[in-house]
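Working notes, beginning with the structure itself.
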Amino acid sequence: MEPSFSKEFKERFQSSLGNISNLYNSIYGFHPAGAEGFIQLLETIEKAFAEREDELKQRDQEKLETEPTHWFLSNEICGMSLYVDRFCGSIKELKNKLDYFEKLGVNLLHLMPVFESPEGASDGGYAVSDFRKIDNRFGKLDDLKELEDEMRKRNMYLMIDIVLNHTSDQHEWAMKAKGGDKHYQDYFYFFDDRTEPDEYEKSMPEIFPEAAPGNFIYIKECDKWVMTVFHNYQWDLNYTNPQVFVEMIDTIFFYANLGVDILRIDAPAFIWKEKGTRCQNLPQAHALLQLIKLCVQVATPGMALLGEAIVRPQEIMKYFGTDDKEAKECDFAYNATQMALQWDALATGDTRVMMAAQDVLLKKPYGTSWIIYTRCHDDIGLGYDDQMIDKAGFKPYEHRKFLKEYYSGNYSGSTAKGALFSINEKTGDARISGSLASLCGLETAIDKNDAAAIDLSIQKILMMQAMSFFIGGTPMIFYGDESGHLNDYSYLNENGKSYDNRWMHRPIIDWEKNENVDKPGTIEHTIFTSTQKLIQLRKIIPVIADKKNLTWLRPHNIHVAGFLRAWDDERVYCLFNFSRRKQSLTWYAFKENGMKPSQLFDHWSEKTFDVGMDNEYFVLPPYSFFILEPK
Ligand code: GLC
């Protein structure tokens, strides 16, 4: 029987076809296999819709009809990102943990890569050897489907990755290419000798200079060189070949039809390469993402796209789409700039570099959103602009040197316990590894058995989390941070992991110890219940939804960052003291935005403050924060 296409699908298809064709031709128009690839692309879109379960189609429709706009802008969504095996062992067991997430208030799960990847080194699953088979370590596809059914019943959302830029060297395509199959060699960047790789290398930076120097490796089986931007075992897919695009869009639909709500597109900045460039953020990479967005919007419109572009601030912004493609590329991007700048401000006690970045960040188009976070599975990069550091009155080189020393425990007076990741001897660059709690000083404080220092580090943890929870976007908690997990050094004894210190902040959860979240008086309980409260507050304060409704307060005090979230008659002031000292703000700070509140109710401490005269002060204890509603 011929599949039946709904009226809505046909309308979406017809109205997008022109744009799909233009974008496709802008990339593949001159490719000998371009025309054939286009027909395959259209067939793939039709197949995706035809195979989509009715329940998912209905969910698409509900999401499209969300009032006033975009389901994913809601303040009621809060996520957690986790490695299934390290969190609880298997996908089946994860189903038993749904109550735990619900208790915390988390209703969106990001499962770190669960599709098949080689044992041993696999970059935490980001070297995929089969895009459609769940790795035995985690379970089976049916387990994922069962998990999802249960999640849907509980109104929870699912996010997974598509590793778009590369495959594992054990993927069938890579194995065939290695064996000399020309068709599959064209799926990657293969070269007969070093001539072209050497040309590329002139302008390509290294991503993992310590673990994987250079961007090409020699394959002795076929006497050729292949491009491997990340690790040697991650081979870059060749998107100049339309066949690769069609294969990967088909995989994207496979994930969409599993019921994925948000698809995390891993490393999209890298998907197009051009000699003489850094091979990052190229216009063709954006065109491919826009094309993916259009195809998804036609066939599986309930799935939002997150572009994991961890690049310079101005470049991140472009993943939302620019000019006539504004808000037509990725629905989400990670606010990596804000994340890193919060760590910057925490170390210096000075918010000026963070403030210098806000003009850029506020340009995010309406209808798109951030994934906001303090920590994730990756390192903290300090890739924001020198100019932002200059503007705050610091010297970029010295400033970054200080931050690296501060967080790697090499600065006297710093209680942070992290490590430098991917040190580049040639450029002096390095990023930072470490868990939220350890970077906030909890590990040092516990080692010293110093109760006051423990309290202060908990305060830092919560202030960092609160800022990301209220600044706008969907919070993504990194598993373990909800209960204050310290660095986990067991990775040093794990095969395929010891060379990569990002594993220090990817803990193996000890559920016996984690039961402390229910035991008042424990550190775990304090952090868990406070995180729970922050999530609840987000959910009951509608103005926190991401409606491009944030105004920064004027910098009355360089140690305090503050913003106003406003919509209709609703107003909330959010203030964060990044300093280890008590700070004060004149009450006038609350009267600059056309308001004259007489009282401010703090949702966090549940205290009410009488607004004083302009020559009097509102006092913020060290590392405190306030969510103030004017009365
Ligand atoms: C992304 C992932 C990171 C991984 C890289 C290569 O940046 O977050 O963990 O190493 O892509 O796949």
Side-chain angles (χ1 to χ4, degrees), residues 79-86 110-118 120-129 131 135 159-171 174 188 204-213 215 217 227-237 239 248 251 262-271 273 278-281 285 289 305-312 315-316 319 330 332-337 339-340 371 373-383 421-422 431-435 476 478-479 491 496-497 499-506:
M80 180 179 280
S81 179
L82 57 91
Y83 287 96
V84 171
D85 51 346
R86 302 175 87 75
H110 170 212
L111 308 189
M112 299 295 295
V114 284
F115 288 90
E116 193 183 78
S117 64
S122 72
D123 193 15
Y126 283 106
V128 183
S129 50
F131 287 110
D135 199 293
M159 168 162 142
I160 65 166
D161 282 78
I162 170 95
V163 186
L164 204 62
N165 180 65
H166 42 257
T167 70
S168 149
D169 60 357
Q170 303 299 309
H171 189 284
F188 302 96
M204 276 174 100
E206 292 172 314
I207 306 303
F208 298 132
E210 288 178 307
N215 289 290
I217 57 155
M227 187 188 282
T228 61
V229 169
F230 289 88
H231 293 98
N232 297 352
Y233 51 80
Q234 289 165 308
W235 290 16
D236 288 65
L237 283 165
Y239 282 93
M248 293 309 279
T251 310
I262 303 179
L263 186 70
R264 178 187 186 274
I265 302 180
D266 185 61
F270 296 85
I271 58 176
K273 281 85 177 178
R278 290 171 59 81
C279 298
Q280 289 180 30
N281 306 313
L289 292 171
L305 300 180
L306 158 63
E308 187 252 348
I310 312 298
V311 290
R312 287 182 46 223
E315 293 297 337
I316 296 182
Y319 287 84
C330 294
F332 283 102
Y334 280 95
N335 201 341
T337 311
M339 180 277 294
I371 292 293
Y373 61 120
T374 53
R375 288 301 290 118
C376 70
H377 68 289
D378 279 330
D379 45 284
I380 303 170
L382 306 174
F421 171 69
S422 264
R431 286 111 76 178
I432 294 158
S433 284
S435 76
M476 188 63 75
F478 190 59
Y479 81 105
Y491 80 98
K497 295 194 169 65
Y499 67 91
D500 184 340
N501 70 20
R502 288 177 299 175
W503 289 101
M504 76 164 56
H505 55 255
R506 302 169 178 176

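Below, each value reflects all heavy atoms present in this structure, side chains not excepted, and no hydrogens, waters or symmetry copies. We count residues from 1, following the sequence as given. Small disclaimer: the values here were computed from a predicted structure and weren't measured. Whatever order the structure lists them in is the order used to number ligands and atoms, beginning at 1.
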Keeping the roles fixed (side chain from H505, backbone from R502), state whether a donor-acceptor pair exists under 3.5 Å. yes
Is the closest side-chain heavy-atom distance between Y479 and R506 below 4.5 Å? yes
Show me a pair-per-line table, with atom names and distances to 0.1 Å, of protein N or O atoms that are under 3.5 Å from an N or O of ligand 1.
residue: ligand 1; atom: 7 (O); partner: E308; partner atom: OE1; Å: 3.2
residue: ligand 1; atom: 7 (O); partner: E308; partner atom: OE2; Å: 2.9
residue: ligand 1; atom: 8 (O); partner: R264; partner atom: NH2; Å: 3.0
residue: ligand 1; atom: 8 (O); partner: E308; partner atom: OE2; Å: 3.4
residue: ligand 1; atom: 8 (O); partner: H377; partner atom: NE2; Å: 2.8
residue: ligand 1; atom: 8 (O); partner: D378; partner atom: OD2; Å: 2.4
residue: ligand 1; atom: 9 (O); partner: H377; partner atom: NE2; Å: 2.9
residue: ligand 1; atom: 9 (O); partner: D378; partner atom: OD1; Å: 2.8
residue: ligand 1; atom: 9 (O); partner: D378; partner atom: OD2; Å: 3.4
residue: ligand 1; atom: 9 (O); partner: R502; partner atom: NH1; Å: 3.4
residue: ligand 1; atom: 10 (O); partner: D123; partner atom: OD1; Å: 3.2
residue: ligand 1; atom: 10 (O); partner: D123; partner atom: OD2; Å: 2.6
residue: ligand 1; atom: 10 (O); partner: R502; partner atom: NH1; Å: 3.3
residue: ligand 1; atom: 11 (O); partner: D266; partner atom: OD1; Å: 2.9
residue: ligand 1; atom: 11 (O); partner: D266; partner atom: OD2; Å: 3.0
residue: ligand 1; atom: 12 (O); partner: H166; partner atom: NE2; Å: 3.0
residue: ligand 1; atom: 12 (O); partner: D266; partner atom: OD2; Å: 2.8

I'd like to check F188 versus L237 (side-chain heavy atoms, cut-off strictly below 4.5 Å). Are they in contact? yes
Test item: Y334 and M339 side chains (from C-beta on) under 4.5 Å apart, heavy atoms: no
Spatial distance of atom CG (L164) from atom CE (M248) [nearest 0.5 Å]: 5.0 Å
Assess whether side chain to side chain contact (heavy atoms under 4.5 Å, CB included) is satisfied between I217 and Y233, documenting all intermediate values. CA-CA 9 Å; I217 57 155; Y233 51 80; over 6 Å; no
